[in-house]
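What follows is a set of notes on a single structure, which appears directly below.
Heavy atoms only: backbone and side chains are in, while hydrogens, waters and symmetry mates are out. Note that the structure is a prediction, hence the values are computed from the model and not measured.
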Protein chains: 2
Amino acid sequence: MKEFLRTKGFKMTPQRELIFRSFFELGEHVSVDELYDKVRDLDQSIGYSTVWRNLKLICKVGLAEEVNLGDGITRYDRVTKVPHGHLFCLSCKKLEEFPVEQLVGILAQTAGDRDFSPEHFKIEIHGLCNDCQNKAIDENNNGADDE
Amino acid sequence: MKEFLRTKGFKMTPQRELIFRSFFELGEHVSVDELYDKVRDLDQSIGYSTVWRNLKLICKVGLAEEVNLGDGITRYDRVTKVPHGHLFCLSCKKLEEFPVEQLVGILAQTAGDRDFSPEHFKIEIHGLCNDCQNKAIDENNNGADDE
DNA sequence: TTGAAAATGAAAGTCGATTTCATTTAGGCG
DNA sequence: CGCCTAAATGAAATCGACTTTCATTTTCAA
């Protein structure tokens, strides 16, 4: 990793090492705050802006990309081989993935037909995950019938 | 429209009337600032927060919905009969639409397979529109070859 | 070893979205 | 018609995530 960064003109530091490692240990779709919390557990002295800047760096060197679900929080998604879409639970904010090869094919064609040069496809399903659907049902059974 | 709002417990005011009308006169994907500018041309005295609140109201009563393209600006998209995706130009920010019936069918199935209750589908292609591709080419031909 | 370029941490700044609060207005009711 | 209460308004303050600034420290190639 040190070599990889050096070839791109960046230096390695203990903070960066820790931040990169933590990022890849956390799952997908990490927010700055989540990463900052994790990093802070390991080194109290690392600043928020350092975490933020390194997350940006991870994107710049092509290892992750920003995901914006419209809830005001930018998440950072590891770049993986396989393109995927997101199932975003509006209630608990959990994010699941699903494969989208077929869809991306259709979208690429759509773009081509319109002389639009696609850089990135975004396919999301917003709704309620199974857990939150069940919770909603429970609440209806137990709660008062207000509103 | 006044009746429509009354049945939902909202009152009609001159400001609201003007804001609603302006919103529907502007095309799709209107931002608060765009609407505020237009409304301001017609009535200098209307405040930003009133425009914002009425835009939210338009969403609440189901006539529009928020669109977030990840550029930090919330746009408001009139709810239309036909579901559509967005072609978003990363350079000039222009937004085009394209039909997505077929895709939505596939996505609904995907959601169903996973016991996910979909509320909303988001299908976007981010990239460069034809104009901006050409601009980029022009710049390469004329400009210096600085990295 | 050394010096320029890059990185860091704390704090301040940015900017769109949202809320607060004092005041005004709409519209149902007698 | 006037009255009254809930809703609406406008200005200003606040929020909160993101981004930048700046003084200082660190990396690493020569």
OP1 or OP2 of C:dG16 less than 4.0 angstrom from a side-chain nitrogen or oxygen of B:T74, does that happen here?
-> no

If every non-hydrogen atom of A:N68 is compared with every non-hydrogen atom of A:E124, which pair is closest and at what distance?
-> O-OE2, 3.8 Å

For C:dT25, does OP1 or OP2 lie under 4.0 Å from any side-chain N or O of B:R16?
-> no

Taken to the nearest whole Å, NZ/A:K60 to P/D:dT19 is 12 Å

Look at the side-chain N and O atoms of A:T50 and state whether any lies under 4.0 Å from the OP1 or OP2 oxygen of C:dA7.
-> no

Does atom CD of B:E25 have more than 12 heavy-atom neighbours from other groups under 6.0 Å away?
-> yes

Nearest-Å distance for atom pair CG/P, residues B:L35 and C:dA17 | 12 Å

Give a yes-or-no answer on whether the side chains of A:H29 and A:E97 include a donor-acceptor pair shorter than 3.5 Å.
-> yes

When only distance counts, do a donor and an acceptor, one from the side chain of B:K11 and one from the base of D:dA7, lie under 3.5 Å apart?
-> no

Nearest to the side chain of A:K2 - D:dC28, C:dA7, D:dT19?
-> D:dC28

Sorted by position of nearest nucleotide on DNA chain C, 5' first, the leading residue of A:F10 and B:Y76 is A:F10

Residue A:I73, side-chain heavy atoms: nucleotide from C:dT18, C:dG27, D:dA17 that is nearest | D:dA17

Hydrophobic cluster membership, B:L57 vs B:Y76, 4.5 Å side-chain cutoff | yes

Calculate the interatomic distance between B:N68 atom CG and C:dA17 atom P; express it in whole Å.
-> 9 Å

Does A:Q15 put a side-chain nitrogen or oxygen below 4.0 Å from OP1 or OP2 of C:dA7?
-> no

OP1 or OP2 of C:dT19 less than 4.0 angstrom from a side-chain nitrogen or oxygen of B:S49, does that happen here?
-> no

For B:L5 and D:dA8, give me the distance from atom CG to atom C1', rounded to whole Å.
-> 12 Å

Do B:R53 side-chain and D:dG10 base share a donor-acceptor contact under 3.5 Å?
-> yes

Whole-Å distance, A:R6 CZ to C:dA7 P, equals 13 Å

Take B:G9 and B:V51, find for each the nucleotide of DNA chain D with the closest heavy atom, and name the residue whose nucleotide sits nearer the 5' end.
-> B:G9

Atom NZ of B:K56 and atom C1' of D:dA7 are separated, to the nearest Å, by 19 Å

In whole angstroms, how far is the P atom of C:dA17 from the CG atom of B:N54?
-> 16 Å

Do the non-hydrogen side-chain atoms of B:V82 and B:E101 ever get within less than 4.5 Å of each other?
-> yes

Of the listed D:dG10, D:dA29, D:dC28, the closest approach to the B:I46 side chain comes from D:dG10

So, is B:Y48 close to the C:dA17 phosphate, meaning a side-chain N or O under 4.0 Å from OP1 or OP2?
-> yes

Which nucleotide in D:dT9, C:dA17, C:dA10 has an atom nearest any side-chain atom of B:T13 = D:dT9

Salt-bridge criterion met for A:E66 and A:K56 (N-O under 4.0 Å) | yes

